[in-house]
Structure formats: structure tokens, C-alpha cells
Student: 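Got a structure here, written out as C-alpha cells. Questions coming.
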Amino acid sequence: MNLHGKDIKIFAGNSNLELAEEIAQKIGLPLGEAVVGRFSDGETAISINEPVRGSDVFIIQSTSTPVNENLVELLILIDALKRASAGRITAVMPYFGYARQDRKAKARDSISAKLVANLITTAGADRVLTMDLHAPQLQGFFDIPVDHLLGFPILARYFWEKFRGKVDDVVVVSPDVGSVTRSRKFAERLDVPMAIIDKRRPKANVCEIMNIIGDVRGKRCVLVDDLIDTAGTVVTAANALTDMGATEVYACCTHPVLSGPAIERIKASAIKEMVALNTIQVPREKRIEKITILSVAEIFAEAIERIYGDISISTIFTQQ
């Protein structure tokens, strides 16, 4: 495949090798030859073992747990490829860590998402390809082009097929006001009504349900969010929906962060099934029976091919 005089090469850090290999396979290429390791003192050690001069290079690396190690791997990979005279470097970040630190919540807070965007640009990336940023306006934090993919069509298709198109008793539920836009698009895709949970968060990773806006009694509810971290919000919401008369409660998200007590909370909750995308590699021990993982490899592979071929990416969404 050579659309404009340069070859295409795909490299990966250690954060999500399963997804990187799947994307490369769908494109029909091997992963680039590189060693991403550590020196004895813990410093990141990168060796690029093949020529990349003039190549269109894509680095697949989610900045998920361990966030700082994976971020540094990405930055050093970008720097190494830039110094090896790569023609164009795209940071493919299925999950963009630090995205929730996008504003000053209180005095003297850092806006870490902007700092990370600056680091990626300074390292030498020419563009970023990502999916479902916590807030879409984060694209404006970058001084380079950002291609922003959407995960909800994959999730909506899964539930349409799961319910076999029989969605008369289905309600899409936004777990908070911030997820209303995302949930509305999801509901429109399934052609079902929507409910909203009004919550209060007294401190980080703790939430209290205040009210449920909408009719959920006797309904199958699908909670939609961009990420599930400690699962406190989604589990509290699921239990509240059950108390309000919902017959079944499902949850879905793009990014399964699943930190701290998340797995135990999901196990003990009213959630019948939690569906997530593989933007973050979920360890085997966390892949419990309640959790279903869907792949984003196909949409990322198509986006990479379109970027390489200088073809519009926006048309992907009309095909989903």
C-alpha cells in the first residue's frame, strides 16, 4: 500500500499491544521493529530497529495505567522517530489519559490535560488520533490536528443486535448531566427515550443520586458513559434504577479504566452486563463474566488508512 510516495509504518508502546497487533493485522502490516523497555534504574529505553526516513509513522499507545510510564513511552517513541527523520508522526491514542483534568476545579489547580497536549506536540507529533475524549473541546488544547473518533456507534450496534431490534421497553440513561449529549446520540441511534440521573459529587470518586428524570419503571435501562473508573457512579446509578422499578440494567462505556474497587463493585451491583471497548487493555483477572469487551481495531485501522491516504475521516461516521 503506497498512496503518495511514502510507506506506512505502525509502532506500538506497551500499553495495549493486543489492540496494536489487531489494528496492524487489519491494515495488513506487521508492527514496526522496536524495543520499548526499561533501564535498570527504571528509565524508559527505546530502540527503533528499522529505517523510518520519510515514512508515515503511526504510534499506537493509550496513556492508561500506569499512566505516567505509558505517557513517557509515547513521548520518547515520538522523539526517537522524529530524530530518525520520519516523514510524519501520528500519535494514535485510543485512550487519552489526564483528559479529566481539563479545567481548574479549584484555586491553584493544574490544567494537566493542556500540559500533556503540549508535551505531545513538543515531542514532535504531527497529529493525534483518539477516541471519545472526556470533553470534546480538549481538541482545542492541541496546536496540531486532532482526529476524534466516536465509540458510541459500536456500542449502540451491539445493543441493537442484543435486543434483536425489540427496543420498545428500552431506555437510555445518562448517569449525569455531563453525559447527556453522548446519551442522547446513543438513544437516537436506538430510537428510544432517554432518562437523566441528577447526581451530586461531594468529593472525587464519590457520588450521590439526587433524582432520576424520566420514566424507568418496567424498562430495560442502558447506562451510557465515556469511561468507568472506580465504578462508583455507574453502580450507584444502576442500583437506583433498580429501586425505581427498572427490570434490567446494562452499562456501557468507551474506556474501561476499572481502577480500585471497580470490579468488586460491578460484581455486587444490579448491573446485568457491562459493555466496554478495548481502548484500554483490561487485564485477564478483571475480565469477569459481567464484562463484555468489543474491539475498536476496525475503526482505527480505517482511520489510519484514511490519514495515510489524505482521505476525509468524517465520512466514517456516516458509515457506522
Student: What I want to find out is whether R88 reaches D126 closely enough, with some N-O distance under 4.0 Å, to be called a salt bridge.
Tutor: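 Salt bridge between R88 and D126, a charged N being under 4.0 Å from a carboxylate O: no.
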Student: Taking all non-hydrogen atoms of both residues, which atom of I27 and which atom of A301 are closest, and how far apart?
Tutor: CG1-CB, 3.7 Å
Student: Any donor-acceptor pair under 3.5 Å linking the side chain of Q139 with the backbone of P136?
Tutor: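 Yes, Q139 side chain to P136 backbone: donor-acceptor pair under 3.5 Å.
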Student: Using modelled atom types only, decide if a donor and an acceptor are shared between the side chain of N278 and the backbone of I280 within a distance under 3.5 Å.
Tutor: no
Student: Has the side chain of D132 got a donor or acceptor atom that lies under 3.5 Å from a matching backbone atom of G151?
Tutor: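 Yes, the answer is positive, given that a donor and an acceptor are paired below the 3.5 Å cut-off.
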Student: Would you say I8 ends up clustered with V57 if hydrophobic residues are merged whenever their side chains have heavy atoms under 4.5 Å apart, either directly or through other cluster members?
Tutor: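 Different hydrophobic clusters.
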Student: Among N70, T279, V282, which residue satisfies the side-chain contact (heavy atoms from CB on, under 4.5 Å) criterion with S64?
Tutor: N70
Student: Which atom names give the shortest non-hydrogen contact between I10 and A24, and what distance separates them?
Tutor: CD1-CA, 4.2 Å
Student: Indicate the ring-plane relationship of F186 and F152, choosing parallel, tilted or perpendicular according to the 30° and 60° boundaries.
Tutor: tilted
Student: Are Y158 and I316 connected, step by step, through hydrophobic side chains (Ile, Leu, Val, Met, Phe, Trp, Tyr) whose heavy atoms are closer than 4.5 Å?
Tutor: yes
Student: Indicate yes or no for a side-chain donor-acceptor contact from K6 to the backbone of D56 under 3.5 Å, with no hydrogens or angles considered.
Tutor: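 Not a single qualifying donor-acceptor pair exists.
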Student: Same cluster for M93 and L119 if Ile/Leu/Val/Met/Phe/Trp/Tyr side chains link at under 4.5 Å?
Tutor: yes
Student: Could you walk me through whether Y250 and F163 pass the ring pair (Phe, Tyr, Trp, His ring centres under 6.0 Å) test, one step at a time?
Tutor: CA-CA 12 Å; Y250 299 86; F163 299 146; 5.6 Å; yes
Student: Salt-bridged, E248 to K219, with N to O below 4.0 Å?
Tutor: no
Student: May I ask you to test the L19-P94 pair for a side-chain heavy-atom distance under 4.5 Å?
Tutor: yes
Student: Going by the rule side chain to side chain donor-acceptor pair (under 3.5 Å), which residues pair with R53 if we only count those two or more places apart in sequence or in a different chain?
Tutor: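 Here the qualifying residues are S85.
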Student: Go through it in stages, so that I can follow the logic: the residues are D243 and R217, the test is salt bridge (Lys or Arg N to Asp or Glu O under 4.0 Å), and I'd like the CA-CA distance, side-chain angles, deciding distance and then a yes or no.
Tutor: CA-CA 9 Å; D243 292 341; R217 187 170 298 278; over 6 Å; no
Student: May I ask you to say whether K9 pairs ionically with E50, meaning some side-chain N is under 4.0 Å from a carboxylate O?
Tutor: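 Salt bridge: yes.
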Student: Taking atom types as modelled, is there a side-chain donor on D143 or T121 under 3.5 Å from an acceptor on the other?
Tutor: no
Student: Taking the side chain as every heavy atom from C-beta outward, state whether V172 and F159 have any atom pair closer than 4.5 Å.
Tutor: no
Student: Side chains of V128 and I120: does their closest heavy-atom pair fall under 4.5 Å?
Tutor: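 Answer yes - side chains close enough.
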Student: Would you check if M194 and V171 make a side-chain contact, meaning some heavy-atom pair closer than 4.5 Å?
Tutor: no
Student: Using distance alone, with no hydrogens and no angle criterion, decide if N16 and S62 have a side-chain donor and acceptor under 3.5 Å apart.
Tutor: no
Student: Considering all heavy atoms of both residues, which atom of A195 and which atom of V216 are nearest to each other, and what is their separation?
Tutor: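 What the structure gives for the nearest pair is CB-CG1, 4.0 Å.
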Student: Would you say I154 and S295 make side-chain contact, with heavy atoms under 4.5 Å?
Tutor: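 No, side chains not in contact.
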Student: side-chain contact (heavy atoms from CB on, under 4.5 Å) with D226: which residues, sequence neighbours excluded?
Tutor: H134, R182
Student: Shortest non-hydrogen contact from S174 to S179?
Tutor: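 Between these two residues, the closest heavy atoms are OG-C, 3.2 Å.
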Student: Is R103 salt-bridged to D109, going by a charged N under 4.0 Å from an acidic O?
Tutor: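 No salt bridge links R103 with D109.
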Student: With sequence neighbours excluded, tell me which residues meet side-chain contact (heavy atoms from CB on, under 4.5 Å) with N239.
Tutor: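 N239 satisfies side-chain contact (heavy atoms from CB on, under 4.5 Å) with V235, S269, A270 only.
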Student: Does the distance from a Lys or Arg side-chain N to an Asp or Glu carboxylate O, for D147 and R127, drop under 4.0 Å?
Tutor: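 Between R127 and D147 there is a salt bridge, with a charged N closer than 4.0 Å to a carboxylate O.
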Student: Give me the atom names and distance for the closest heavy-atom approach of A238 to L223.
Tutor: N-CD1, 3.8 Å
Student: Do any pairs count as a salt bridge (charged side-chain N to carboxylate O under 4.0 Å, His left out) and have a residue in residues 285-298, sequence neighbours left out, and if so which ones?
Tutor: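 Listed once each, the pairs are E18-R287.
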Student: Check whether any side-chain heavy atom of I266 sits under 4.5 Å from a side-chain heavy atom of I288, and report yes or no.
Tutor: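 Contact flag for I266/I288 side chains = yes.
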Student: Is the number of heavy atoms from other residues, nucleotides or ligands within 6.0 Å of NZ (K166) greater than 12?
Tutor: no
Student: Could you state the interatomic distance from SG (C221) to CD1 (I271), rounded to the nearest 0.5 Å?
Tutor: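 With rounding to 0.5 Å, SG (C221) is 12.0 Å from CD1 (I271).
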Student: Sorted by first residue and then second, give each ring pair (Phe, Tyr, Trp, His ring centres under 6.0 Å) pair with at least one member in residues 60-107; sequence neighbours left out.
Tutor: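 Matches after skipping sequence neighbours: Y95-H255, F96-F142.
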Student: If we ignore hydrogens and angles and just use 3.5 Å, is the side chain of H148 paired with the main-chain N or O of T130 as donor and acceptor?
Tutor: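 It does not hold such a pair.
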Student: Could you tell me whether K185 and E188 make a salt bridge, using a distance below 4.0 angstrom between a side-chain N and a carboxylate O?
Tutor: no
Student: If you look at every heavy atom in A12 and V36, which pair is closest and at what distance?
Tutor: O-CG2, 3.8 Å
Student: Evaluate whether atom CG of D168 has more than 12 neighbouring non-hydrogen atoms of other residues, nucleotides or ligands under 6.0 angstrom away.
Tutor: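 Open: at most 12 neighbouring heavy atoms sit under 6.0 Å from CG of D168.
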Student: Is any side-chain heavy atom of I228 closer than 4.5 Å to a side-chain heavy atom of L258?
Tutor: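 Yes - at least one pair of side-chain heavy atoms lies under 4.5 Å apart.
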Student: Excluding sequence neighbours, so at least two apart, what forms salt bridge (Lys or Arg N to Asp or Glu O under 4.0 Å) with D79?
Tutor: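 Salt bridge (Lys or Arg N to Asp or Glu O under 4.0 Å) list for D79, sorted by chain: R83.
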Student: With the side chain counted from C-beta on, respond yes when M131 and L277 share a heavy-atom pair under 4.5 Å apart, and no when they do not.
Tutor: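 With C-beta onward as the side chain, the pair touches.
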Student: Run through E69, E73, Q61 and flag the one making a side chain to side chain donor-acceptor pair (under 3.5 Å) with N14.
Tutor: E73
